[in-house]
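First up is the structure itself, then whatever we jot down about it.
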Amino acid sequence: KGPRYSVEAVRAYLAAEQRVGRVREDAELQIVASMLIGSCWNRAAMRHYFGEDIVPVDDTTYAAHLATTLGAALEPRTTGTGRAVEGAPR
């Protein structure tokens, strides 16, 4: 099936999370999904072709940092009351 299906699966998951308010409304889901899958593919390719990782950490640490970084960018914006801010600028 190819890598485009993995990007679509991640995008669909993020869209479901967006619908229930756990992903910010203005997130570019296709881009975020591509960033996640692309980062993993790049890591695997560097290891396969060159025998080394660009970021010299174990896979678990890499995945955790990637998830934390992307997750922070996807968090809905909130007011001081914890309510999502509607129409907040990007």
Side-chain angles (χ1 to χ4, degrees):
K1 291 189 172 195
R4 70 182 170 277
Y5 294 103
S6 58
V7 171
E8 178 53 31
V10 172
R11 189 212 58 78
Y13 171 78
L14 292 172
E17 292 294 303
Q18 192 177 51
R19 284 190 295 279
V20 296
R22 289 189 288 253
V23 169
R24 57 191 286 170
E25 291 179 13
D26 64 344
E28 297 290 343
L29 302 182
Q30 190 73 23
I31 300 299
V32 174
S34 293
M35 290 170 66
L36 176 62
I37 298 299
S39 179
C40 295
W41 272 76
N42 185 62
R43 183 167 173 84
M46 292 299 112
R47 186 178 293 158
H48 177 77
Y49 292 115
F50 303 111
E52 62 184 66
D53 292 320
I54 292 174
V55 180
V57 298
D58 62 271
D59 290 340
T60 301
T61 301
Y62 184 85
H65 286 287
L66 181 60
T68 299
T69 300
L70 290 177
L74 293 172
E75 286 182 12
R77 294 186 177 136
T78 60
T79 64
T81 63
R83 294 186 191 151
V85 176
E86 294 188 29
R90 291 183 188 196

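The figures here come from the full heavy-atom set of this structure, side chains too, leaving out hydrogens, waters and symmetry mates.
- Residues Pro56 and Ile54 share a closest heavy-atom pair of CD-O, 3.4 Å.
- Pro76 approaches Arg22 most closely through the heavy-atom pair CD-O, 3.6 Å.
- Once rounded to the nearest 0.5 Å, the distance linking CD1 of Ile31 with CZ of Arg11 reads 12.0 Å.
- Interatomic distance, CD of Glu75 versus CG of Leu70, reported as 12.0 Å (0.5 Å rounding).
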Considering only distance and modelled atom types, tabulate donor-acceptor pairs under 3.5 Å from the side chains of residues 32-39, sequence neighbours left out.
residue : atom : partner : partner atom : Å
Ser34   : OG   : Gln30   : O            : 3.0
Ser39   : OG   : Tyr62   : OH           : 2.4

Please output the side-chain donor-acceptor pairs of residues 44-52 that fall under 3.5 Å, not counting sequence neighbours, one pair per line with the distance.
residue : atom : partner : partner atom : Å
Arg47   : NE   : Asp53   : OD1          : 3.1
Arg47   : NH1  : Asp59   : OD2          : 3.2
Arg47   : NH2  : Asp53   : OD1          : 3.2
Arg47   : NH2  : Asp53   : OD2          : 3.0
Arg47   : NH2  : Asp59   : OD1          : 2.6

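- Here the closest heavy-atom approach between residue Gln18 and residue Asp26 is recorded as NE2-N, 4.5 Å.
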